[in-house]
> 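I have a structure here, written as structure tokens, and I will follow up with some questions on it.
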Amino acid sequence: MVSVNLPDGSSKEFASAVSVREVAAAIGPRLAQSAIAAVVDGRVVGLDTRLPGDGSVAVRILTRKDSEALAVMRHSAAHVMARAVMRLFPGVQLAFGPTTEGGFYYDFALEHPLSESDFPAIEEEMRKIVAADEPFERIESSREDARRVCADLGQQFKVEHIEQGLAEYPTLSFYRQGEFLDLCRGPHIPSAGSIGAFKVLSVAGAYWKGDASREQLQRLYGTAFFTPQELDSYLMKIEEAKKRDHRVLGKQLDLFTISPTVGSGLILWLPKGATVRNLLETFTREELVRRGYQTVYTPNIGKVDLYKTSGHYPYYAKDMFPSLVTTEGEEFILKPMNCPHHVMIYKSRPRSYRDLPLRLAEFGTVYRYEKSGQLSGMTRVRGFTQDDAHLFCTDEQVAGEFRGCLEMTQFVLKCLGLENYRVRLGFRDPASDKYVGSAEQWERAQQAIADVCRTLGIEASEEPGEAAFYGPKADFVVTDCIGREWQLGTVQLDYNLPSESRFNLEYVGADNRMHRPVMIHRAPLGSLERFIGVLIEHFAGAFPLWLAPEQARVITVSEKSEEYGRQVEGQLREAGFRVSGDYRPEKLGSKIRDGQLELIPYMLVVGPRDAESGTVSVRDRIDGDLGAMPLAAALERLGEEVRSRRVRRTFSGDAGLGERGAKNEY
RNA sequence: GCUGCUGUAGCUCAGCUGGUAGAGCGCGUCCUUGGUAAGGACGAGGUCACGGGUUCAAGUCCCGUCAGCAGCUCCA
């Protein structure tokens with residue numbers, strides 16, 4: 001006798017070991033019809049799952065209305081896609097085919113290189129399979145049988161996976177659908193007919209088990225929904241997100257460009273982009289002064305010995321541009337980070353505990369040789385400027401300094417309306433011995449960091465094993481408009497560079513003895529390139545007034561008002577606004593449209609009526625025509641919005657193309 | 001770096017199975033002098049990424065290089 005507890009609080013008794021399908025049928029024929037899967041004691045299972053013969057279990061039947069059902073269906077869609085590919089191309093080796101946040105993919109090894117031109121045939125074959133509505137049948141077998149079946153099918157990846165990845169499982173499961181049989185944990189939908197709408201989206205390379213030294217596979221991406229309407233709206237969402245892409249907007253709005261002649265991964269800041277950067281730098285600099293930092297400048301190159309001492313060379317040699325060798329045989333490298341230079345400033349004279357904490361800040365431009373396939377717009381580049389600073393402090397000061405760094409990062413992000421981020425705390429892997437510094441020192445620091453986050457109300461995930469070898473860290477991660485995550489700000493403790501084997505940093509303590517300082521690396525924005533790239537997407541190019549490259553544009557109703565228009569423009573400029581004037585002999589509507597498309601926050605329309613009364617007709621980018629007002633009133637309105645750094649509208653949220661939520665369902 | 005795809009006017013793109021280049025927007029000139037998202041006419045603008053090859057003939061086919069895109073991998 002088994003007692004089945006249902007979500008509505010009721011329960012049903014069954015005499016024997018029933019399947020979930022039978023439970024659904026007992027609740028109602030309609031439910032049995034629309035059931036996709038079920039959640040049994042918190043685990044998503046297929047309808048063919050048999051409940052235990054006695055005791056009590058919680059069962060929730062999933063229909064297409066439940067979000068868990070979508071993932072189950074998509075996984076089945078991945079099988080259907082694999083089946084279609086196997087029908088079309090001989091000799092397909094199956095690898096993994098999990099669901100992702102926005103759909104699913106399946107990795108294959110096959111001779112024929114898949115391309116978009118193959119998608120229609122694959123989709124057509126999938127349509128046939130869905131229309132046939134054959135059931136997904138679960139088959140359980142022993143490890144040995146499973147291995148033999150896969151070997152007989154010639155599926156080498158599956159054989160390897162059974163032998164290695166699944167070594168601990170005594171029994172394994174297959175799912176059969178028609179001629180298609182695949183090693184798979186499941187669960188699956190009852191039959192293919194529930195796949196309402198699907199699309200093969202893209203193909204790309206991927207390595208078996210993510211290992212670049214292993215076979216390269218072809219990864220076919222797709223997505224599926226229960227209804228064509230949902231699929232359409234998803235595809236629309238992707239299109240919308242693509243329009244927000246900073247690479248598209250950067251070109252459209254003349255913010256930055258990249259020239260192959262200068263070099264890929266090297267950003268050329270156009271005047272408008274440079275304006276935004278400049279404003280951000282000024283904003284940050286003011287904040288640094290307020291928080292007790294001192295600014296420094298250091299050169300773009302340094303002798304290779306500096307990096308030998310820091311330990312970065314030759315360990316990171318592949319990630320740096322090759323060294324520059326002078327005719328006299330001196331070897332320099334383009335600096336890949338600022339810390340060694342800042343360390344030398346610390347070492348430029350003996351330090352006392354009274355000097356600490358010493359906070360040295362610099363907008364330092366660094367160069368790293370990223371692999372060509374890595375480069376992407378402004379978010380992944382080979383030359384970038386960090387809003388960098390290095391703090392030298394005593395062990396006791398670490399918590400307070402760390403707190404200050406996080407507060408500043410929080411403050412800066414808040415000022416920009418960037419609220420959609422998460423913080424990852426990279427902690428040590430207790431099982432590893434690769435770390436510099438004592439275990440107690442780490443424990444104390446990690447504890448302090450976690451406490452600081454808690455008191456600041458920062459939602460942070462502790463990730464053991466994610467720390468760098470030299471110290472724990474806190475990374476601020478934001479998601480871009482197409483769902484990719486980018487690390488922006490970072491705060492990292494460093495026990496390595498100050499150590500005896502590196503730069504051997506010291507200070508004289510109150511006890512007149514030498515002590516070793518702790519170093520903190522921190523960059524609230526991270527890199528200006530990446531940060532502004534993310535900001536462009538965050539605002540969809542429509543920067544808040546205080547950051548807008550062009551804050552206002554004077555537009556004349558006709559050429560008759562040009563003189564008054566230029567006068568207004570002059571007064572705005574005098575008042576410190578970034579302003580332009582459009583005096584072309586175009587119609588008003590046309591000039592407004594241009595201004596709107598260029599995302600100018602305010603347009604000041606002036607015509608004969610305004611010239612007469614000394615007014616301007618203000619048009620707001622967001623709210624439209626605000627009507628005529630005295631010029632002084634308009635200046636006050638804009639000035640107030642700048643001073644308060646008001647953020648009126650953002651476009652966060654992604655199109656669900658990310659990999660978060662990817663599950664390895666085989 | 002690897003796999004796949006892409007590279008045509010300033011921008012977005014068309015150009016069929018090879019027969020010496022097109023559109024829209026933008027730009028220039030002129031007409032129009034208009035009150036909140038596209039007035040009209042005319043015109044200029046292209047080593048079809050670069051280098052080889054096949055061919056009577058290459059934007060189109062093949063190879064290489066460079067760059068971009070998607071993904072994998074890595075990030076002090």
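Worth knowing before you read on, the calculation uses all heavy atoms, side chains too, and leaves out hydrogens, waters and symmetry mates. Computed from a prediction, not measured in an experiment: that's the story for all the values here. Chain letters run A, B, ... following the sequence lines, proteins first, then strands; residues in each count from 1.
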> Using a 4.0 Å heavy-atom cut-off, does A/Asp610 contact any base of the nucleic acid, only the sugar-phosphate backbone, or nothing at all?
base
> Contact class for A/Tyr470 (heavy atom, under 4.0 Å): base, sugar-phosphate, or nothing?
sugar-phosphate
> Among B/U36, B/A67, B/U32, which nucleotide sits nearest the side chain of A/Pro260?
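Shortest atom-to-atom distance from the side chain points to B/A67.
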> Between the side-chain atoms of A/Tyr106 and the base atoms of B/G71, is any donor-acceptor pair under 3.5 Å?
no
> Under the 6.0 Å and 45° cation-pi test, does A/Arg382 pair with A/Tyr367?
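No - A/Arg382 does not lie over the ring of A/Tyr367 by the 6.0 Å and 45° rule.
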> Remember a base hit wins even if backbone is also touched, and classify A/Gly377 as base, sugar-phosphate or nothing at under 4.0 Å, heavy atoms.
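Sugar-phosphate: the residue A/Gly377, judged by heavy atoms under 4.0 Å, touches backbone atoms but no base.
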> Can you find a side chain N or O atom of A/Lys591 that sits less than 4.0 Å from OP1 or OP2 on B/U36?
no
> A/Glu466 has an atom CD; how far is it from atom C1' of B/C74, in whole Å?
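That distance rounds to 13 Å.
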> Would you say B/G1 has OP1 or OP2 under 4.0 Å from some side-chain N or O of A/Ser372?
yes
> When you compare the side chains of A/His521 and A/Gln492, does any donor N or O come within less than 3.5 Å of an acceptor on the partner?
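No donor-acceptor contact under 3.5 Å links the two side chains.
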> Within the structure shown, what part of the strands sits under 4.0 Å from A/Ile258 by heavy-atom distance: base, sugar-phosphate, or nothing?
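No contact at all - A/Ile258 keeps every heavy atom at 4.0 Å or more from the nucleic acid.
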> May I ask you to evaluate whether A/Ser202 reaches the phosphate of B/A70, defined as a side-chain N or O under 4.0 Å from OP1 or OP2?
no
> Assign A/Gly607 to base, sugar-phosphate, or nothing according to its heavy-atom contacts below 4.0 angstrom with the strands shown.
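Base contact.
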> Applying a 4.0 Å non-hydrogen cut-off, can you work out what A/Gly210 is touching in the nucleic acid: base, sugar-phosphate, or nothing?
sugar-phosphate
> For atom P, what is the distance between B/G7 and B/A14, given to the nearest Å?
8 Å
> Mark yes or no: A/Arg219 above the aromatic ring of A/Tyr105, with NZ or CZ under 6.0 Å from the six-membered ring centre and no more than 45 degrees from the axis.
yes
> Would you state whether a donor and an acceptor, one from the side chain of A/Arg214 and one from the base of B/C2, lie under 3.5 Å apart?
no
> Remember a base hit wins even if backbone is also touched, and classify A/Leu114 as base, sugar-phosphate or nothing at under 4.0 Å, heavy atoms.
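Sugar-phosphate: the residue A/Leu114, judged by heavy atoms under 4.0 Å, touches backbone atoms but no base.
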> Indicate whether OP1 or OP2 belonging to B/C74 is found under 4.0 Å from a side-chain N or O atom of A/Lys318.
no
> Quick check for you: among B/C11, B/A76, B/U36, whose closest atom lies nearest to any side-chain atom of A/Lys251?
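Out of B/C11, B/A76, B/U36, the nucleotide with an atom closest to A/Lys251's side chain is B/C11.
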> Go through the side-chain N and O atoms of A/Glu362 and A/Thr298 and say whether any donor and acceptor fall under 3.5 Å apart.
yes
> Has A/Arg247 got a side-chain N or O lying under 4.0 Å from the OP1 or OP2 atom of B/C69?
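Yes, because at least one side-chain N or O of A/Arg247 sits under 4.0 Å from OP1 or OP2 of B/C69.
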> Have a look at A/Ser590 and say if it touches a base, only the backbone sugar-phosphate, or nothing, with a 4.0 Å heavy-atom cut-off.
sugar-phosphate
> Determine the contact category for A/Gln374: base if any of its heavy atoms lies under 4.0 Å from a base atom, sugar-phosphate if only primed atoms, P, OP1 or OP2 are that close, otherwise nothing.
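Base, at least one base atom sits under 4.0 Å.
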> What's A/Gln218 touching, base or sugar-phosphate or nothing? Going by heavy atoms closer than 4.0 Å.
nothing
> Using a cut-off of 4.0 Å on non-hydrogen atoms, how would the nucleic acid contact of A/Ser617 be classed: base, sugar-phosphate, or nothing?
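Counting heavy atoms under 4.0 Å across all strands, the contact made by A/Ser617 includes a base.
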